[in-house]
S.K.: 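Before anything else, here's the structure in question.
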Amino acid sequence: MPKDTLTVTDNRTGEVYELPISHGTIRAMDLRQIKVGPDDFGMMSYDPAYKNTASTTSRITFIDGDKGVLRYRGYPIEQLAERSSFLETAYLLISGELPDADTLDDFTHDITHHTMVHENIRELIDAFRYDAHPMGTLVSTVAALSTFYPEAKDLADPEVRRLQVTRLIAKMPTIAAYAYRHRRGLHYVRPDNDLSYAGNFLNMLFKMTEVKYRPDPAVEKALDVLFILHADHEQNCSTSAMRGVGSSQADPYSALSAACAALYGPLHGGANEAVIRMLEEIGTPKAIGDFMRRVKEGDVRLMGFGHRVYRNYDPRAKVIKQLAHDVFDAVGRNPLIDIALELEKIALEDDYFVSRKLFPNVDFYSGLIYQAMGLPMDIFPVLFAIGRTPGWLAQWEELLSDPEQKIHRPRQVYLGADARDYVPLDARR
Ligand code: CMC
């Protein structure tokens, strides 16, 4: 009769242990009973980069990396990208269910009416160096929001938490657009409540002297879909940062700022920028062969390829590749697409990539669309951050309501020096 347990024999002692299995996992704390003697601390698992450790249970996002499946609250990403809107998806992620029409109206109204930022925030952004990277400005300004809303520390009150969630989803595009315009030396454009979430963001980025900014419907729709595709991705680096900082019961602005900081790195949200730099460096389809040789020699990485959890085509990349053509039809073709398509074709047939199961990820094509929309590279990770905000907040809410969660505190395997006596300066060689 099969049992949901794992039997472990400790060959050091001959002892046999039976560990319960639940949802295909054993509890790391169950290993601690495995000892060689009473003074032994007990067995731990060693898992650098958490490659095989579940840090939480979650009911938000499901990924099957081998099959290339991504679902938010059970809904396939392809259906949400085609039929939902970013704000509806944000509501879904945070509340767990799709809203009815009135609820969606109320949610949209609340977000729309929290888009303004305090004038001191504008001055704060003004104080950054004239060429500050918008992601650096975003990280700092989001953290600064905690000083504007000190009541956000009251994590026990669900209404207080709900208000900060609304504020963050609403204000991220405003801060992002101000950060962008600061670097361009342009005046700031206030939110326009007549426009959609994506339309207003485009307004705050691009409005010049016209009385009313009217976004291109194809670009507005594409941006909304891109936000949906980025809205959550379970326990990735930035979400783990959000949960890690949130686990100390810091306010959500401080936690979300840490998540933005984690996203900034070139291996995470910075990869879409790195893809464009790589395509520009390659320059022409003729140079691809030489570039691929360098990738295979370990000299450079093919940016926008590979993923910790997907061992198949990233389902978001499939949607974006299709979306790219809609955007190019509206605003003109990005010539770098030819290099990208050729790179993908070669990589998908090359044994180096096939044997390592390296496929295009979300960032391979997203930068090409952003660039075609007229967005400069330094704002790409900022766009990712806006899209990911509801996911970070949904994960933060889940963390706070999970009775099993405590302050995050991984263990280590200490391999440093043994106890030794302090050596005075004049006695050191
Ligand atoms: N180009 C060339 N080789 C690669 C690449 C790549 N993009 N990605 C992985 N490999 C190789 C790697 O060298 C290793 O080979 P070997 O076994 O011979 O040492 C093997 O594939 C496994 O790679 P890994 O580094 O162990 O994989 P990982 O799970 O630690 O890294 C990754 C995942 C996304 C950091 C990595 O694939 C990468 O650096 N990709 C390029 C950056 C990128 O596109 N990042 C965006 C990720 S998706 C959006 C997001 O989540 O932010």
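When a ligand or atom number is given, it counts from 1 through the structure's own listing order.
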S.K.: Less than 3.5 Å between some nitrogen or oxygen of Phe305 and one of ligand 1, yes or no?
M.R.: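 In this structure, Phe305 places an N or O atom under 3.5 Å from an N or O of ligand 1.
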S.K.: Does the side chain of Thr61 pick up a donor-acceptor pair with the side chain of Asp232 at under 3.5 Å?
M.R.: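 Asp232 and Thr61 do have a side-chain donor-acceptor pair below 3.5 Å.
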S.K.: Of all the atoms in ligand 1, which lie at a distance below 4.0 Å from a heavy atom belonging to Leu267?
M.R.: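 What qualifies from ligand 1 is 39 (O), 45 (N), 46 (C), 47 (C).
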S.K.: Does only the side chain of Val275 get under 4.0 Å from ligand 1, or the backbone, or both, or neither? Count heavy atoms.
M.R.: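 Contact part for Val275 vs ligand 1: neither.
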S.K.: Counting neighbours of NE2 on His23 that are heavy atoms of other residues, nucleotides or ligands and sit closer than 6.0 Å, is the number greater than 12?
M.R.: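 Open: at most 12 neighbouring heavy atoms sit under 6.0 Å from NE2 of His23.
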S.K.: Starting from atom 47 (C) of ligand 1, which protein heavy atom do you reach first, and at what distance in Å?
M.R.: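 Protein heavy atom at minimum distance: Asn361 ND2, 3.6 Å.
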S.K.: At a 4.0 Å threshold, what atoms of ligand 1 neighbour a non-hydrogen atom of Leu302?
M.R.: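 The list of qualifying atoms is 1 (N), 2 (C), 6 (C), 7 (N).
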S.K.: Ignoring hydrogens, just give me the one of Met292, Lys51, Arg308 whose non-hydrogen atom is nearest atom 26 (O) of ligand 1.
M.R.: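 Comparing heavy atoms across Met292, Lys51, Arg308, the nearest one to atom 26 (O) of ligand 1 lies in Lys51.
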S.K.: Which part of Asp363 is near ligand 1, with near meaning a heavy atom under 4.0 Å away: side chain, backbone, both or neither?
M.R.: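 Contact part for Asp363 vs ligand 1: side chain (C-beta onward).
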S.K.: Short list, please: which atoms of ligand 1 are under 4.0 Å from a heavy atom of Ala271?
M.R.: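 Answer for ligand 1: 43 (C), 44 (O), 45 (N), 46 (C).
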S.K.: What protein heavy atom is closest to atom 34 (C) of ligand 1, reported as residue, atom name and distance in Å?
M.R.: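 The protein heavy atom lying closest is Gly306 O, 3.7 Å.
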S.K.: What protein heavy atom is closest to atom 5 (C) of ligand 1, reported as residue, atom name and distance in Å?
M.R.: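 Answer for atom 5 (C) of ligand 1: Leu358 CD1, 3.9 Å.
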S.K.: Got the closest protein heavy atom to atom 48 (S) of ligand 1, with its distance?
M.R.: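 The protein heavy atom lying closest is His307 CD2, 3.4 Å.
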S.K.: Under 4.0 Å and counting heavy atoms only, is there anything from the protein next to atom 11 (C) of ligand 1?
M.R.: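 Yes, because at least one protein heavy atom sits under 4.0 Å from atom 11 (C) of ligand 1.
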S.K.: Are Tyr352 and ligand 1 in contact, using a heavy-atom cut-off of under 4.0 Å?
M.R.: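 Right, Tyr352 reaches ligand 1.
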S.K.: Atom CG of Leu205 and atom OH of Tyr178: how far apart are they, to the nearest 0.5 Å?
M.R.: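 Rounded to the nearest 0.5 Å, the CG-OH separation comes out at 12.0 Å.
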S.K.: Would you mind checking which non-hydrogen protein atom is closest to atom 15 (O) of ligand 1, with the distance to 0.1 Å?
M.R.: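 Result for atom 15 (O) of ligand 1: Arg356 NE, 3.2 Å.
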S.K.: In terms of the angle between their ring planes, are His182 and Phe128 parallel, tilted or perpendicular, with boundaries placed at 30° and 60°?
M.R.: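 The arrangement is perpendicular - the two ring planes meet at more than 60°.
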S.K.: Cut-off 3.5 Å, side chains only: do Thr5 and Glu18 have a donor facing an acceptor?
M.R.: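 Per modelled atom types, Thr5 and Glu18 side chains form a pair under 3.5 Å.
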S.K.: If you count every heavy atom of other residues, nucleotides or ligands that lies below 6.0 Å from Tyr50 atom OH, does the total exceed 12?
M.R.: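 No, because the 6.0 Å sphere around OH of Tyr50 holds 12 heavy atoms or fewer from other groups.
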S.K.: side-chain hydrogen bond (donor to acceptor under 3.5 Å, both in side chains) between Thr53 and Asp47: does it pass, once the steps are laid out?
M.R.: CA-CA 7 Å; Thr53 295; Asp47 187 12; 2.4 Å; yes
S.K.: What class does the angle between the rings of Phe86 and Tyr197 fall in, given that below 30° is parallel, 30 to 60° is tilted and above 60° is perpendicular?
M.R.: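 Tilted: the ring planes of Phe86 and Tyr197 meet at 30° to 60°.
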S.K.: Determine whether any heavy atom of Val362 lies closer than 4.0 Å to an atom of ligand 1.
M.R.: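 Checking ligand 1 against Val362, which is what was asked, there is a heavy-atom contact under 4.0 Å.
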S.K.: Answer yes or no: are there more than 12 heavy-atom neighbours, outside Glu82 itself, under 6.0 Å from its atom CD?
M.R.: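 Not buried by this count: 12 neighbours or fewer within 6.0 Å.
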S.K.: Just checking, is any N or O donor in the side chain of Glu398 or Ser58 under 3.5 Å from an acceptor N or O on the other one?
M.R.: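 Checked: Glu398/Ser58 side chains pair up, N/O donor to acceptor below 3.5 Å.
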S.K.: Mind listing the closest non-hydrogen atom pair of Asp216 and Ala330 along with its distance?
M.R.: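 Taking Asp216 first and Ala330 second, the nearest heavy atoms are OD2-CB, 4.1 Å.
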S.K.: Between the side chains of Arg243 and Gln405, is a donor N or O closer than 3.5 angstrom to an acceptor N or O?
M.R.: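 Result is no, nothing qualifies.
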S.K.: Give a yes or no on whether atom 3 (N) of ligand 1 lies under 4.0 Å from any heavy atom of the protein.
M.R.: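 Given the 4.0 Å limit, the answer for atom 3 (N) of ligand 1 is yes, a protein heavy atom qualifies.
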S.K.: For ligand 1, which atoms, with element, lie under 4.0 Å from some heavy atom of Val295?
M.R.: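 Every atom of ligand 1 under 4.0 Å from some heavy atom of Val295: 2 (C).
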S.K.: My understanding is that we take every heavy atom of each candidate and find the minimum distance to atom 35 (C) of ligand 1. Doing that for Met303, Arg301, His268, which one comes out nearest?
M.R.: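 It is Arg301 whose heavy atom sits nearest to atom 35 (C) of ligand 1.
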S.K.: At under 4.0 Å between heavy atoms, is it the side chain or the backbone of His233 that contacts ligand 1, or both, or neither?
M.R.: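 The answer is neither; His233 stays 4.0 Å or more away.
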S.K.: Which ligand 1 atoms, with their elements, are less than 4.0 angstrom from a heavy-atom of Gly304?
M.R.: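 Under 4.0 Å from Gly304, ligand 1 has these atoms: 43 (C), 44 (O).
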S.K.: Mark up the atoms of ligand 1 that fall under 4.0 Å of a heavy atom belonging to Gly269, in ascending order.
M.R.: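 The list of qualifying atoms is 52 (O).
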S.K.: Is it true that Arg311 and Asp64 make a salt bridge, defined as a side-chain N closer than 4.0 Å to a carboxylate O?
M.R.: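 No salt bridge links Arg311 with Asp64.
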